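Side chains included, hydrogens not; waters and symmetry mates left out as well; all remaining heavy atoms used. Because the structure is a prediction, the values reported are computed rather than measured.
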Amino acid sequence: MNEMLIGEIFDEFIHVIHENQKYTIGLINENKEVALCSDTKMISKTVDYNYPNKNNVFFEIVVKGQEFGYLWVHGEDDSLQMIANLLHESLTIRLMYEINQTNLKRKVTKDDELVKCLLDEKTFDMNKVVDLLSDLGIHANKSHVAIYMVSDYKDINTQDVVRLKMNPDSRDIIYSLLNERCLLIFKDIPENIKENEEIREYILKYIKKLKEMDFDDCYYFVGTLQHKMRQYVNSYKSCLWLKNHTKYEKNVPVFFMDYLTEYFFSKISVKDIENVYNYYIETGKKIDVEELEEISKALLMNDFNLTQAAEELFLHKNTLIYKLKKYEEVFQIDIRGSFQGKILLILISYMLREQNHKVQVGE
């Protein structure tokens with residue numbers, strides 16, 4: 001019998017019974033001894049719970065597989081059975097709540113420990129990760145996506161995180177409150193969802209649920225899908241890249257997969273290609289860099305389909321062609337008819353943007 005847990009709770013019940021002297025309540029252990037009682041004179045005396053009668057009612061107390069002994073209620077009026085039933089129901093509900101809270105607090109701690117292990121690239125311990133997954137009841141073979149949630153102006157309540165774990169769909173989700181305003185979630189993706197658009201829709205529905213649970217006024221960054229636990233850290237890193245390199249707004253999820261081109265270009269060092277592209281830096285001084293960047297991005301996102309790119313840019317197709325001809329003349333490249341020219345335009349756009357940024361910050 002969990003004496004510490006039920007002892008604290010039973011003290012509250014004794015206090016209630018003391019206000020009504022008509023009843024005596026006690027807790028009887030497996031040896032039929034009164035362990036706790038509103039009448040202290042009865043403690044340690046023997047009461048056999050196998051023989052109820054009109055003045056003595058007994059209930060076995062088993063909550064979530066834990067045995068807490070027998071509740072004994074004694075009284076000498078016609079309301080005894082009703083009062084005893086209410087006390088038993090109330091005691092069971094309270095015990096269930098306390099056990100749930102204890103388990104959830106342990107689960108939060110285990111989750112935090114698991115996330116710490118998953119993000120530790122240098123000393124990644126697979127055996128420890130597997131043990132923690134087993135303790136938490138999380139399947140080890142499911143794919144996960146990192147969702148990095150940043151609160152805009154208020155701390156994230158720990159109890160709100162605990163409530164997340166109580167959802168029926170949270171069994172295989174891993175959570176950790178990294179600090180007061182940042183919550184990292186590794187969301188599991190069902191095996192039957194494979195297409196990128198299906199995955200996106202699934203995650204958007206989940207984030208909608210988060211917002212409905214008062215996780216609003218937050219920024220949401222969605223990382224890459226990862227199939228191996230050792231790679232979960234990369235999904236988290238892609239969230240951080242989004243936070244540091246993209247424009248975003250509250251409650252509008254940002255997906256890493258939408259910024260793959262920008263990500264790869266960000267890995268190119270301007271210093272490494274400056275010597276090769278100095279010519280383009282000089283010739284592009286009179287070019288509107290922001291416009292060049294917008295046009296390049298629209299062309300790239302629309303597979304260089306001029307009609308679609310023009311629509312996205314709110315330009316007439318002929319206006320877009322005119323601007324491309326100008327770029328072809330300035331940079332001496334064939335943008336419309338050559339694959340190499342298309343790639344060069346994107347690289348020139350990126351390089352001029354970075355060069356422009358360096359000038360603005362005084363480098």
Side-chain angles (χ1 to χ4, degrees), residues 145 194-201 221-227 231 234-235 237-248 253-360 363:
V145 168
K194 299 184 183 299
E195 299 296 327
N196 286 337
E197 284 306 312
E198 290 180 321
I199 294 171
R200 179 192 295 268
E201 193 62 31
F221 307 95
V222 183
T224 52
L225 178 66
Q226 299 293 340
H227 304 291
Q231 301 299 326
N234 292 325
S235 189
K237 284 182 176 180
S238 59
C239 293
L240 294 181
W241 183 90
L242 286 170
K243 184 176 182 296
N244 294 326
H245 294 87
T246 64
K247 294 179 181 179
Y248 44 84
V254 184
F255 287 78
F256 182 78
M257 295 305 291
D258 293 339
Y259 291 88
L260 283 178
T261 304
E262 289 86 344
Y263 172 75
F264 288 122
F265 279 134
S266 73
K267 297 301 178 183
I268 301 173
S269 171
V270 173
K271 288 184 178 179
D272 291 340
I273 60 174
E274 258 183 359
N275 292 335
V276 177
Y277 284 95
N278 273 338
Y279 166 76
Y280 297 115
I281 292 174
E282 291 299 320
T283 55
K285 281 183 176 179
K286 296 181 181 180
I287 293 290
D288 184 333
V289 175
E290 289 188 7
E291 182 183 64
L292 172 62
E293 185 183 357
E294 288 178 4
I295 290 174
S296 299
K297 185 174 182 179
L299 288 168
L300 186 64
M301 297 307 293
N302 290 281
D303 296 323
F304 275 79
N305 182 301
L306 298 185
T307 302
Q308 292 176 5
E311 288 178 0
E312 185 173 311
L313 292 164
F314 300 103
L315 295 176
H316 191 279
K317 181 180 177 181
N318 290 338
T319 304
L320 177 59
I321 291 173
Y322 169 79
K323 290 180 181 295
L324 291 179
K325 285 181 177 179
K326 182 179 177 182
Y327 295 149
E328 288 175 334
E329 291 174 5
V330 170
F331 299 121
Q332 294 296 297
I333 57 176
D334 180 6
I335 298 169
R336 291 167 295 161
S338 165
F339 176 76
Q340 291 91 337
K342 293 177 172 61
I343 296 298
L344 275 172
L345 177 69
I346 302 301
L347 286 171
I348 290 169
S349 169
Y350 167 74
M351 183 194 59
L352 290 178
R353 184 192 69 191
E354 291 300 304
Q355 187 68 24
N356 219 27
H357 175 72
K358 286 171 66 177
V359 171
Q360 289 174 2
E363 291 186 16

Just how far is it from atom [atom1] of [X] to atom [atom2] of [Y], taken to the nearest 0.5 Å?
X      : Y      : atom1 : atom2 : answer
His316 : Ile321 : NE2   : CD1   : 9.0 Å
Tyr259 : Phe264 : OH    : CZ    : 15.5 Å
Phe256 : Leu240 : CZ    : CG    : 11.0 Å
Ile346 : Leu292 : CD1   : CG    : 8.5 Å
Tyr327 : Leu345 : OH    : CG    : 8.0 Å
Leu260 : Thr224 : CG    : OG1   : 9.5 Å

For [Y], does its backbone N or O pair with a side-chain atom of [X] as donor and acceptor, under 3.5 Å?
X      : Y      : result
Ser338 : Ile335 : no
Asn302 : Asn305 : no
Glu312 : Ala309 : no
Lys317 : Ala310 : no
Gln308 : Asp303 : no

Is [Y] close to [X] at the side-chain level, that is, under 4.5 Å between some pair of heavy atoms?
X      : Y      : answer
Val254 : Val222 : no
Ile348 : Ile333 : yes
Thr319 : Lys323 : yes
Leu299 : Leu306 : yes
Met301 : Lys297 : yes
Asn196 : Leu225 : no
Lys325 : Arg336 : yes
Phe221 : Asn244 : no

Stepwise side-chain contact (heavy atoms from CB on, under 4.5 Å) check, Asp334 with Glu328: CA-CA 6 Å; Asp334 180 6; Glu328 288 175 334; 3.6 Å; yes
Partners passing side chain to side chain contact (heavy atoms under 4.5 Å, CB included) against Lys237 (at least two apart in sequence or in another chain): Glu121, Val233, Asn234
Flag if over 12 foreign heavy atoms under 6.0 Å of CZ, Phe304: yes
Tyr248 atom OH, over 12 foreign heavy atoms within 6.0 Å: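 Atom OH in Tyr248 is packed in, count exceeds 12.
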Under the ring pair (Phe, Tyr, Trp, His ring centres under 6.0 Å) test, residues paired with His245 that sit two or more places apart: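 His245 satisfies ring pair (Phe, Tyr, Trp, His ring centres under 6.0 Å) with Trp241 only.
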Verdict with reasoning, Arg200 to Glu195, per salt bridge (Lys or Arg N to Asp or Glu O under 4.0 Å): CA-CA 9 Å; Arg200 179 192 295 268; Glu195 299 296 327; over 6 Å; no
Between Ser296 and Glu294: side-chain donor-acceptor atoms closer than 3.5 Å: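 Side chains of Ser296 and Glu294: no pair found under 3.5 Å.
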